There are 2 protein chains.
Amino acid sequence: MAADKFFEALASRPRREILAYLSAQELTAGEIASRFEMSAPSISRHLSVLEGAGLVSSERQGQFIVYRLNRDSLVNTLTGFAFEICPKAGPLKRESRKLAAKKQGA
Amino acid sequence: MAADKFFEALASRPRREILAYLSAQELTAGEIASRFEMSAPSISRHLSVLEGAGLVSSERQGQFIVYRLNRDSLVNTLTGFAFEICPKAGPLKRESRKLAAKKQGA
DNA sequence: TCGTTAATTAGCTCAGTAGCTAATTATCTA
DNA sequence: TAGATAATTAGCTACTGAGCTAATTAACGA
């Protein structure tokens, strides 16, 4: 299940804070680490977990490695879960009404 | 932080499955336990975690304890997080890496 | 009241994760 | 090429969480 890694990645305050930082701008590993009172290897591990969950992507730029947020992945998994748990709640799009109808019929 | 308990509660497949069951109807602890191949005490513990995170509520009904989903809490925290991470779309500019490195050195 | 059922709490083991420092890899620059 | 910088991997310790069984609490019914 992709949701496993997804929610496991979010179950850590430092990792959620990293996502918040990356929501404003892309950052290098060092720039991220400098925002925490935590060793660089620990931050590197958190970044690895986030990347394994598909929440961020990385790209080497010379000496640096730049991380950026995967907004689509985040939003899609989050809304997917919201619909699974709360089919009747939340902001409904047109398409979702068909899905809700199917689920009720099933 | 409320988000701490919230995301910690969701970082478990059995707990997410419990929420899915409760999204259809309220259930007693025993009815929930019967849907898993897991001991009743383990399920009880999961329910306690979910309740501590505000995701479910319980009410004793005679011999039984009935659990139900707290939809509002779930949706509110989820959307709150979504807004925190994805406030505005669009990638922002960054200063050059060399410049940033010099600043760090200074 | 006594026995039965529902559920939780207590106490334990085991696995996994977070954090650290030290070592390694990759890249840049003088 | 040597030295410096960025980041990761390796290896370790400590803690937390998941699961179990046994024991306890709460409520029902004969």
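Everything quoted here is computed from the prediction, not taken from an experiment. Convention: sequence-line order gives letters A, B, ...; per-chain numbering from 1.
Annotation: the span from B/Leu22 atom CG to B/Glu31 atom CD amounts to 10.0 Å, rounded to 0.5 Å. In this structure, B/Asn70 CG and B/Ser57 OG are separated by 3.0 Å, a value rounded to the nearest 0.5 Å.
Residues that satisfy the ring pair (Phe, Tyr, Trp, His ring centres under 6.0 Å) test with B/Phe36, not counting sequence neighbours, are B/Tyr21. By the side-chain hydrogen bond (donor to acceptor under 3.5 Å, both in side chains) test, B/Ser73 is found to be paired with no residue, residues two or more places apart in sequence or in another chain being considered. For the ring pair (Phe, Tyr, Trp, His ring centres under 6.0 Å) test, residues two or more places apart in sequence or in another chain that qualify with B/Phe81 are B/Phe7. Scored by the salt bridge (Lys or Arg N to Asp or Glu O under 4.0 Å) test, B/Glu26 finds B/Arg68 as partners (sequence neighbours excluded).
Between A/His46 and C/dT17, a side-chain N or O to OP1/OP2 separation shorter than 4.0 Å is absent. Residue A/Ser39 has no polar side-chain atom (N or O) positioned under 4.0 Å from OP1 or OP2 of C/dG19.
Between B/Met38 atom CE and D/dC20 atom C1' there is a gap of 11 Å when expressed in whole angstrom units. Between A/Gln61 atom CD and C/dC28 atom P the separation is 11 Å, expressed in whole Å.
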Contacts under 3.5 Å, N or O only, protein and nucleotides 3-12 of chain C:
from: C/dT5; atom 1: O2; to: B/Gln63; atom 2: NE2; distance (Å): 2.8
from: C/dA7; atom 1: OP1; to: B/Ala29; atom 2: N; distance (Å): 3.4
from: C/dA7; atom 1: OP2; to: B/Gly30; atom 2: N; distance (Å): 2.8
from: C/dT8; atom 1: OP1; to: B/Tyr67; atom 2: OH; distance (Å): 2.3
from: C/dT8; atom 1: OP2; to: B/Ser44; atom 2: OG; distance (Å): 2.7
from: C/dT8; atom 1: O5'; to: B/Ser44; atom 2: OG; distance (Å): 3.0

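Sorted by residue number, the members of residues 3-22 of chain A with any non-hydrogen atom under 4.0 Å from DNA chain C read A/Glu8, A/Arg15.
Judged purely by distance below 3.5 Å, without hydrogens or angles, the side chains of A/Ser48 and A/Arg45 pair a donor atom with an acceptor atom. In this structure, a donor-acceptor pair under 3.5 Å is present between the side chains of B/Glu51 and B/Ser58.
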